[in-house]
Amino acid sequence: QVQLVESGGGLVQAGGSLRLSCAASGRTFSSYAMGWFRQAPGKERESVATISWSGGITYYADSVKGRFTISRDNARNTVSLQMNSLKPEDTAVYYCAATTRRYGPLNALDYDYWGQGTQVTVSS
């Protein structure tokens, strides 16, 4: 079993940056693909970025491509999301998730473990 704890959310002006981190418990972190998802009020949860178990394969939603970067450190059991050039439409609760699949799927239903979420608010 994996427990995930996100941190790093907050309030930032448009154009600013935030770095989200997700700390995972357990000794098998490197065997999980990881993903960042977000959910805005009244909207469905959507995938933002995913990363394979080794970190060699990443995926980005078109809306964040070129602005966000996902990375992982298997030695420290962490996955991060660097968010630059933030826009008001990036405002949402951001969730870290883990899946036993080797590559990061895009469907939230394919993930087995979820963090509690961290709020990101981008003001215009």
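Numbers here are sequence positions counted from 1.
- Taking OG of S30 as the reference point, atom CG of D73 lies at 11.0 Å (rounded to 0.5 Å).
- For the pair T121 (side chain) and T91 (backbone), a donor-acceptor distance under 3.5 Å is absent.
- Residues F68 and Y95 do not share a hydrophobic cluster, defined by chaining ILVMFWY side chains whose heavy atoms lie under 4.5 Å apart.
- Here the side chains of M83 and L20 are in contact, with some heavy-atom distance below 4.5 Å.
- Put simply, the side chain of S21 does not reach to within 4.5 Å of the side chain of T78, judged on heavy atoms.
- Y111 and V2 fall into different hydrophobic clusters, where Ile, Leu, Val, Met, Phe, Trp and Tyr residues are linked whenever their side-chain heavy atoms come under 4.5 Å apart, directly or through other members.
- With sequence neighbours excluded, the residues that form a side chain to side chain donor-acceptor pair (under 3.5 Å) with N84 are S17, Q82.
- Y113 places no side-chain N or O within donor-acceptor distance of the main-chain N or O of T100, the cut-off being under 3.5 Å.
- To the nearest 0.5 angstrom, F29 atom CZ is 8.0 Å from L4 atom CG.
- Taken to the nearest 0.5 Å, the CD1 atom of I51 stands 10.0 Å off from the OG1 atom of T69.
- A donor-acceptor pair under 3.5 Å is absent between the side-chain atoms of D112 and the main chain of Q1, judged by distance alone.
- Remark: R19 CZ is packed, more than 12 non-hydrogen atoms of other residues, nucleotides or ligands lying under 6.0 Å away.
- Proximity of a side-chain donor or acceptor of E6 to a complementary backbone N or O of Q116 within less than 3.5 Å is detected.
- In terms of heavy atoms, A14 sits closest to S124 at CB-CA, 4.3 Å.
- Checking side-chain atoms of Q13 against main-chain N and O of S123 turns up no donor-acceptor pair under 3.5 Å.
- Q3 is linked by a side chain to side chain donor-acceptor pair (under 3.5 Å) to nothing, counting only residues two or more places apart in sequence or in another chain.
- Here the closest heavy-atom approach between residue S54 and residue R72 is recorded as C-CD, 4.4 Å.
- Side-chain atoms of T99 come within 3.5 Å of backbone atoms of D110 as a donor-acceptor pair (strictly under, hydrogens ignored).
- By the rule that hydrophobic residues join a cluster once side-chain heavy atoms approach within less than 4.5 Å of another member, V48 and W114 end up as members of separate clusters.
- Of all non-hydrogen atoms in C96 and V79, the two that sit nearest each other are SG-CG1, 3.8 Å.
- In terms of heavy-atom proximity, L18 sits nearest to V120 at CD1-CG1, 3.9 Å.
- Annotation: side chain of S52 is in contact with side chain of Y103 (closest heavy-atom distance under 4.5 Å).
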Would you be so kind as to tabulate the donor-acceptor pairs closer than 3.5 Å made by side chains of residues 32-42, with sequence neighbours excluded?
{"unit_1": "R38", "atom_1": "NE", "unit_2": "E46", "atom_2": "OE2", "d": "2.7"}
{"unit_1": "R38", "atom_1": "NH1", "unit_2": "D90", "atom_2": "OD1", "d": "2.9"}
{"unit_1": "R38", "atom_1": "NH1", "unit_2": "Y94", "atom_2": "OH", "d": "2.9"}
{"unit_1": "R38", "atom_1": "NH2", "unit_2": "E46", "atom_2": "OE2", "d": "3.3"}
{"unit_1": "R38", "atom_1": "NH2", "unit_2": "S63", "atom_2": "OG", "d": "3.4"}
{"unit_1": "Q39", "atom_1": "OE1", "unit_2": "R45", "atom_2": "NE", "d": "3.4"}
{"unit_1": "Q39", "atom_1": "OE1", "unit_2": "R45", "atom_2": "NH2", "d": "3.4"}
{"unit_1": "Q39", "atom_1": "NE2", "unit_2": "K43", "atom_2": "O", "d": "3.1"}

